[in-house]
Amino acid sequence: MTQIEKYRSFIMTLPPGSLSKEQLLVKELLIQEDKDMSIYYVPYEYVNKRAKVMIIGITPGFTQMELAIRSAREDLLQVVPSDLIDQRAKKLASFAGSMRKNLIEMLNQIGLPGATGIDSSELLFEKRSDLLHTTSVIRYPVFRQGKNYTGHSPAILKSETLYRYAESILLPELQEVKDALVIPLGKSVSDVIQAFVNKGWLAGERCLFEMPHPSGANGHRKKQFEQSGSGMQQKVINWFSR
């Protein structure tokens, strides 16, 4: 179920080309405010139930929000069916930028292409997107004082508002995409997924808890990956050979 119709009229008023925070972090796209946090709409409601790999970030950042809204605007103008707009926006914008490049490199190194029968993890974001479901602990973009929320201050598990999104939206997604290997990116995401496992809502053997967040701002990414890469590679083999 997509909410694009609810936001159609406003999105279609946006000008062509790149969009700024002043144009997008506005009341017309605002879902909720909580103290210094603001949560905005993005057309990310598509769920690929047949995916074999599920990659989970913290929350879409502004880069991803801008690309997705721009994609939705173009599709609305071209009268693309509503149920395809979210799917196309998510494919274009998920982990867009340097994050995607870093993520692909790590996925290649843990042997995901061989396990899924493709030549490179890059294809998951292109011709073989049928194998991939991307999502976030908080499906919609979260900003603190206008800046991308990074999973801290507050931690998701300590924020009633943020955790409500995780339990009410992410958990059902995990249960719908039931055959996928789950790859939470970074400690903030892993902590939430581990909480689901601890409550008996998710099987721990599905999850690669050690994957670092691929953001260029994560200065410890390479060291973290070196320490856990071989263990993740074995988990990939175990999951896809079960």
Side-chain angles (χ1 to χ4, degrees), residues 18-19 21 24 40 42-48 51-72 74-75 85-143 147-151 170 173 177 180-190 193 207-226 228-229 232-233 236:
S18 299
L19 300 165
K21 285 187 175 181
L24 294 185
Y40 291 88
V42 73
Y44 264 16
E45 279 135 4
Y46 171 70
V47 177
N48 179 12
K52 301 302 179 186
V53 179
M54 183 172 181
I55 302 176
I56 307 174
I58 300 167
T59 178
F62 182 76
T63 296
Q64 290 74 40
M65 179 184 182
E66 192 272 337
L67 284 170
I69 294 290
R70 188 156 26 119
S71 173
E74 292 169 2
D75 282 352
I85 292 176
D86 285 65
Q87 183 177 352
R88 287 158 60 99
K90 181 177 275 194
K91 182 178 178 181
L92 172 70
S94 290
F95 305 110
S98 61
M99 270 200 305
R100 185 179 290 188
K101 177 178 179 292
N102 295 338
L103 179 57
I104 288 167
E105 288 177 357
M106 291 191 292
L107 295 176
N108 284 343
Q109 289 181 55
I110 62 172
L112 198 64
T116 53
I118 59 177
D119 293 331
S120 168
S121 298
E122 186 174 5
L123 293 173
L124 294 172
F125 298 92
E126 297 173 355
K127 294 179 181 178
R128 294 310 310 274
S129 59
D130 59 297
L131 296 172
L132 178 65
H133 178 58
T134 59
T135 189
S136 300
V137 177
I138 317 302
R139 175 183 283 173
Y140 303 107
V142 180
F143 300 91
K147 296 181 180 179
N148 290 344
Y149 169 67
T150 61
L170 175 62
E173 280 189 64
V177 192
L181 176 71
V182 176
I183 306 179
L185 301 178
K187 187 178 185 303
S188 297
V189 181
S190 290
I193 302 304
C207 309
L208 293 187
F209 288 112
E210 301 85 2
M211 183 66 80
H213 197 280
S215 170
N218 180 7
H220 302 292
R221 173 173 53 86
K222 291 184 178 180
K223 183 177 180 181
Q224 290 170 344
F225 185 80
E226 287 173 2
S228 58
M232 287 191 288
Q233 190 170 12
V236 168

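Just so we're clear, the structure is a prediction, and the values are computed from it rather than from any experiment.
Lys222 and Glu226 are not joined by a salt bridge, as no carboxylate oxygen comes within less than 4.0 angstrom of a charged side-chain nitrogen. Salt-bridge check for Arg70 with Glu74: failed, with every basic side-chain N at 4.0 Å or more from each acidic carboxylate O. The pair Asp130-Arg128 meets the salt-bridge criterion, with a side-chain N (NZ, NE, NH1 or NH2) lying under 4.0 Å from an Asp/Glu carboxylate O.
Between Leu181 and Leu112 the shortest side-chain heavy-atom distance falls below 4.5 Å. Gln224 places none of its side-chain heavy atoms less than 4.5 Å from the side chain of Glu210. Residues Ile69 and Pro43 are in side-chain contact: their nearest non-hydrogen atoms beyond the backbone lie under 4.5 Å apart. You'll find the side chain of Ile110 reaches within 4.5 Å of the side chain of Phe225, heavy atoms only. The shortest distance between side-chain heavy atoms of Val42 and Gln64 does not fall below 4.5 Å. Residues Leu103 and Leu185 meet the side-chain proximity criterion, which asks for heavy atoms closer than 4.5 Å. In this structure, the side chains of Ile58 and Val189 come closer than 4.5 Å at one or more pairs of heavy atoms. Between Val177 and Asn48 there is no side-chain heavy-atom pair separated by less than 4.5 Å.
Lys91 contributes no side-chain N or O that, together with a main-chain N or O of Ser129, makes up a donor-acceptor pair within less than 3.5 Å. Side-chain atoms of Asn148 come within 3.5 Å of backbone N or O of Phe62 as a donor-acceptor pair.
Taking each heavy atom of Leu132 and Ala51 in turn, the nearest pair found is C-CB, 3.6 Å. In terms of heavy-atom proximity, Ser94 sits nearest to Thr134 at OG-OG1, 2.8 Å. Pairing each heavy atom of Met99 with each of Pro214, the nearest pair is O-CB, 3.6 Å. For the residue pair Ser71 and Leu92, the shortest heavy atom distance occurs at CB-CD2, 3.8 Å. Scanning both residues, Ala96 and Thr63, for their nearest heavy atoms gives O-CG2, 4.5 Å. Scanning both residues, Phe95 and Ile56, for their nearest heavy atoms gives CZ-C, 4.3 Å.
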Check the pair Ile55, Leu107 against side-chain contact (heavy atoms from CB on, under 4.5 Å), reporting the backbone distance first and the verdict last.
CA-CA 10 Å; Ile55 302 176; Leu107 295 176; 3.8 Å; yes
Leu170/Ile193 under side-chain contact (heavy atoms from CB on, under 4.5 Å): CA gap, chis, key distance, verdict:
CA-CA 9 Å; Leu170 175 62; Ile193 302 304; 3.9 Å; yes
side-chain contact (heavy atoms from CB on, under 4.5 Å) between Lys21 and Met65, worked out:
CA-CA 10 Å; Lys21 285 187 175 181; Met65 179 184 182; over 6 Å; no
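Rounding to the nearest 0.5 angstrom, the gap separating the CD1 atom in Ile183 from the CE atom in Met211 is 5.0 Å. With rounding to the nearest 0.5 Å, the separation of CE in Met232 from CE in Met106 is 7.5 Å. Note that the CD1 atom of Ile104 and the OG atom of Ser121 stand 7.0 Å from one another [nearest 0.5 Å]. In this structure, Ser120 OG and Glu105 CD are separated by 10.0 Å, a value rounded to the nearest 0.5 Å. One distance of note links CG of Leu19 with CG of Leu24; it measures 5.0 Å at 0.5 Å rounding. The distance from the OH atom of Tyr140 to the CD atom of Glu45 is 3.5 Å, given to the nearest 0.5 Å.
Other residues, nucleotides and ligands contribute at most 12 non-hydrogen atoms within 6.0 Å of the CZ atom of Arg88.
Every residue was checked against the side chain to side chain donor-acceptor pair (under 3.5 Å) condition with Ser136, not counting sequence neighbours, and none meets it. Residues satisfying the side chain to side chain donor-acceptor pair (under 3.5 Å) test with Lys52, not counting sequence neighbours, are none.
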